[in-house]
Amino acid sequence: AQRVDALTLLVHHVVVFEEVLADGEVLCLDLLLGALDPARHHALLDWHEVTKRLGYVALFEQFAATAAQRDVQHRLARDEAVQIKAQGFGALRLAQADGGAGVTLPELFFVVRDLARADPNIAHIFRNHFFAVEQHLAASDTACARRLLPHVAQGKTLGVAFNELT
């Protein structure tokens, strides 16, 4: 196995910091110093109340503990995506009656921000999915939304494709 050194951890944590730069609670110096001591860095993660309420803290901490190693090994986060999907992550915005968690859009942003703190690569896996879910929630009376949103409740991930006429 490849050894993850302090410099690799530092670079990884700078990337994570860039993801959460807009969050004024994060101190650059603490993150950079924490990158040299992974145990200290993980103690600095301050999870939002919604993340705690939904029960994602342990999973996000697991992702954070292994993120740098995945980056160094160029290993895709497939297993991690399966794990988080199994906990209903993709259906967070669906109403509880429809198989989701019923979180508001701002609450979703807090949870995704926390996931990005743990591992930005995993958070990015779901960006197009959440875009598609929002589009279908906004037009929930359409046949397409009525057909697709139940799949989201079952743990399926929506993909997005764009094109333009030239």
Side-chain angles (χ1 to χ4, degrees), residues 1-94 96 99-134 152-160:
Q2 234 175 348
R3 185 177 151 284
V4 178
D5 60 14
L7 180 59
T8 302
L9 286 172
L10 178 63
V11 169
H12 170 76
H13 286 80
V14 167
V15 170
V16 171
F17 178 71
E18 288 177 11
E19 292 290 326
V20 297
L21 190 58
D23 185 346
E25 299 169 18
V26 179
L27 298 174
C28 178
L29 184 58
D30 281 343
L31 277 179
L32 292 175
L33 293 175
L36 298 175
D37 179 2
R40 181 170 176 250
H41 167 69
H42 298 305
L44 290 172
L45 294 175
D46 183 22
W47 307 111
H48 193 273
E49 289 303 315
V50 178
T51 301
K52 293 175 187 175
R53 185 184 77 217
L54 295 171
Y56 286 115
V57 170
L59 186 61
F60 288 7
E61 286 177 348
Q62 175 189 331
F63 293 165
T66 58
Q69 188 75 28
R70 266 192 310 283
D71 281 350
V72 169
Q73 294 175 347
H74 302 287
R75 185 175 68 76
L76 298 176
R78 288 186 180 119
D79 295 338
E80 292 76 12
V82 168
Q83 285 178 289
I84 198 168
K85 284 172 59 173
Q87 290 194 12
F89 188 73
L92 288 176
R93 285 283 292 136
L94 299 184
Q96 290 179 337
V103 302
T104 66
L105 192 56
E107 288 175 327
L108 175 69
F109 292 149
F110 285 121
V111 175
V112 172
R113 179 205 62 190
D114 285 353
L115 176 57
R117 283 178 168 171
D119 187 330
N121 294 320
I122 299 172
H124 281 285
I125 290 171
F126 294 94
R127 69 179 182 216
N128 286 331
H129 168 80
F130 285 125
F131 169 77
V133 168
E134 286 303 313
V152 172
Q154 296 170 4
K156 304 293 183 195
T157 304
L158 301 180
V160 178

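Everything numeric here is computed off the predicted structure, so don't read it as measured data.
- Proximity of a side-chain donor or acceptor of H129 to a complementary backbone N or O of G90 within less than 3.5 Å is detected.
- Shown here are the salt bridge (charged side-chain N to carboxylate O under 4.0 Å, His left out) partners of K156, two or more places apart in sequence or in another chain: there are none.
- What you find for N121 and D71 is that their closest heavy atoms are ND2-OD1, 2.9 Å.
- Every salt bridge (charged side-chain N to carboxylate O under 4.0 Å, His left out) that E107 has, sequence neighbours left out, goes to R53.
- With ring centers used as reference points, F63 lies 6.0 Å or more from Y56.
- Minimum heavy-atom separation, W47 to K52: O-CE, 3.2 Å.
- A distance of 11.0 Å separates NE2 in H74 from CG in L76, rounded to the nearest 0.5 Å.
- Closest non-hydrogen pair, A67 versus A118, comes out as CB-O, 3.6 Å.
- For Q96, there are no side-chain hydrogen bond (donor to acceptor under 3.5 Å, both in side chains) partners, not counting sequence neighbours.
- D79 and R75 make their closest contact through OD2-NH1, 4.3 Å (heavy atoms, listed as atom of the first residue, atom of the second, distance).
- In this view, L105 and R93, L108, F109, E134 satisfy the side-chain contact (heavy atoms from CB on, under 4.5 Å) rule, not counting sequence neighbours.
- Looking at heavy atoms from C-beta onward, L92 lies out of side-chain contact with V133 at the 4.5 angstrom threshold.
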Walk me through it: do F130 and V112 pass the test side-chain contact (heavy atoms from CB on, under 4.5 Å)?
CA-CA 10 Å; F130 285 125; V112 172; 4.1 Å; yes
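- Every residue was checked against the salt bridge (charged side-chain N to carboxylate O under 4.0 Å, His left out) condition with R127, not counting sequence neighbours, and none meets it.
- Side-chain contact between V111 and F60 is present, with at least one heavy-atom pair separated by less than 4.5 Å.
- Here the closest non-hydrogen pair linking A153 and L94 is N-CD1, 3.6 Å.
- Take A77 and apply the side-chain contact (heavy atoms from CB on, under 4.5 Å) test, not counting sequence neighbours, and it matches R70, E80, I122, I125.
- Note: I84 CD1 to Q62 CD = 10.5 Å, rounded to the nearest 0.5 Å.
- Under the 30°/60° scheme for interplanar angles, the aromatic rings of H48 and F110 are found to lie parallel.
- The minimum heavy-atom distance linking A91 with V152 is given by the pair CB-O, 3.7 Å.
- For the pair F89/L59, no side-chain contact is recorded, criterion being any heavy-atom separation below 4.5 Å from C-beta on.
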